[in-house]
Amino acid sequence: MKKHTKPLYRCRFCAKPLTHTFVDLGMTPLANSYVKKENIQKPENFYPLHTYVCNHCFLVQLPEHAPAKEIFNQEYAYFSSYTLSWLEHAKQYTQMMQERFQFSKKVLVIEIASNDGYLLQYFKQVGIPVLGIEPTINTASVARKKGIKTITQFFGKDLAKKLKKKKIEAKLLIGNNVLAHVPNLNDFISGMKLLLAKDGIITMEFPHLLKLIANNQFDTIYHEHFSYFSFLAVQKIFAHHGITLFDVEEIPTHGGSLRIFAKHKDNK
């Protein structure tokens, strides 16, 4: 790791100066922002792919060179339902959660970054109420066509407060492959804390930093991924917001991921 004498950036979790390079991949355009035919002759924006590791909380991160609203826009190219293996993964997850936690038809399941309804559709099929939160308009419209109520906004503390005022809270709060996509990590997790019912459960899936290092998965570093998580870093970040991790699974998706299970600290 290369140490920088004058830090340009601060850690998005603990705000300490970032002085150690994790890996520097130079300059690249945005991964999912495809160039339209009429714009082929026009210049394309390139941004740094220079990741750092915080030597206080050990969060590996990419500074927010490209704003999230520029990446996750109304022309967002990724639709979760295009991948059959991912649909099967989502279906198996919903079956496992119902068997393990015995969710009834009276609880509300909320997914943050619900995309095109790829996962919530399986809860809906068995009569469990669902709500999606998805900022990209084109994917959210597909989810609505499946009968899945979807809020088209970026999630954070402000949206959580609005939903709480309407007495909306999650018995199960899901975030699959969204945690890495969040530039304001503390605001996002504070919002999850607010939105989670007193006896509610959070599950999140995200690529595992250990697998990135062990298998040299440098191609999983791109501008949509603002953070790269180890279990140690995630545990520390959630604990800071009063959320306790009570279980974790290693899963094979996206080159090797973690699925964490979390609850309010005071939920015994």
Any chain of hydrophobic side-chain contacts (each under 4.5 Å) joining [X] to [Y]?
X	Y	value
L131	I137	no
M192	I151	yes
L59	V178	yes
F226	L258	no
F261	L196	no

Can you establish whether the number of heavy atoms outside [X] located under 6.0 Å from its atom [atom1] is more than 12?
X	atom1	answer
K263	NZ	yes
K149	NZ	no
K236	NZ	yes
F218	CZ	no
K91	NZ	no

Check whether any side-chain heavy atom of [X] sits under 4.5 Å from a side-chain heavy atom of [Y], and report yes or no.
X	Y	answer
I133	L163	yes
H264	D199	no
S227	R12	yes
I237	L185	yes
L120	S114	yes

Ignoring hydrogens and geometry, is there a side-chain-to-backbone donor-acceptor pair from [X] to [Y] under 3.5 Å?
X	Y	answer
K146	Q121	no
K16	N55	no
D24	G26	yes
H240	N186	no

Mind checking what makes salt bridge (charged side-chain N to carboxylate O under 4.0 Å, His left out) contact with D158, not counting sequence neighbours?
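If we apply the salt bridge (charged side-chain N to carboxylate O under 4.0 Å, His left out) test to D158, skipping adjacent residues, there are no hits.
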Under the side chain to side chain contact (heavy atoms under 4.5 Å, CB included) rule, what do V23 and V60 come out as? Steps first, then yes or no, please.
CA-CA 10 Å; V23 64; V60 174; over 6 Å; no
Distance-only donor-acceptor check, side chains E88 and Q92, under 3.5 Å
yes
State, without any angle test, whether Q102 and S104 hold a side-chain donor-acceptor pair at a distance under 3.5 Å.
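No, because no side-chain N or O of Q102 sits under 3.5 Å from a partner of the opposite role on S104.
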Would you check, one step at a time, whether the test side chain to side chain contact (heavy atoms under 4.5 Å, CB included) holds for C54 with L18?
CA-CA 6 Å; C54 176; L18 294 174; 3.8 Å; yes
Could you go through the ring-ring contact (aromatic ring centres under 6.0 Å, His included) check for H20 and F22 one step at a time?
CA-CA 6 Å; H20 288 88; F22 177 72; over 10 Å; no
Under the ring pair (Phe, Tyr, Trp, His ring centres under 6.0 Å) test, residues paired with F155 that sit two or more places apart
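Listed in chain order: F188.
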Parallel, tilted or perpendicular: which fits the ring planes of [X] and [Y], with parallel below 30° and perpendicular above 60°?
X	Y	value
H241	F13	tilted
W86	H89	parallel
H225	Y222	tilted

Please confirm whether R259 makes a cation-pi placement over Y93, using NZ or CZ under 6.0 Å from the six-membered ring centre and within 45° of the ring normal.
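Ring-cation test returns no.
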Looking only at non-hydrogen atoms, find the nearest pair between [X] and [Y] and report the distance.
X	Y	value
A262	L245	CB-CD2, 3.6 Å
G255	Q217	O-NE2, 3.0 Å
Q98	V126	OE1-CG2, 3.5 Å
D187	G156	OD2-CA, 3.3 Å

Tell me which donor-acceptor pairs under 3.5 Å the side chains of residues 105-112 have, and how far apart each pair is, sequence neighbours excluded?
from, atom 1, to, atom 2, distance (Å)
E111, OE2, Y118, OH, 2.6

Report the hydrophobic cluster partners of I251, with the cluster defined as I, L, V, M, F, W, Y residues connected by side-chain heavy atoms closer than 4.5 angstrom, directly or transitively.
none
Can you tell me which residue pairs pass the ring-ring contact (aromatic ring centres under 6.0 Å, His included) test with a partner in residues 191-215, sequence neighbours excluded?
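Checked against ring-ring contact (aromatic ring centres under 6.0 Å, His included) - neighbours excluded - the pairs reaching residues 191-215 are F206-F229.
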side-chain hydrogen bond (donor to acceptor under 3.5 Å, both in side chains) partners for N184, two or more places apart
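Listed in chain order: nothing, the list is empty.
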Would H254 and N176 count as a side chain to side chain contact (heavy atoms under 4.5 Å, CB included) if you check the C-alpha gap in whole Å, the side-chain angles of each, and the deciding distance to 0.1 Å?
CA-CA 11 Å; H254 298 287; N176 285 350; over 6 Å; no
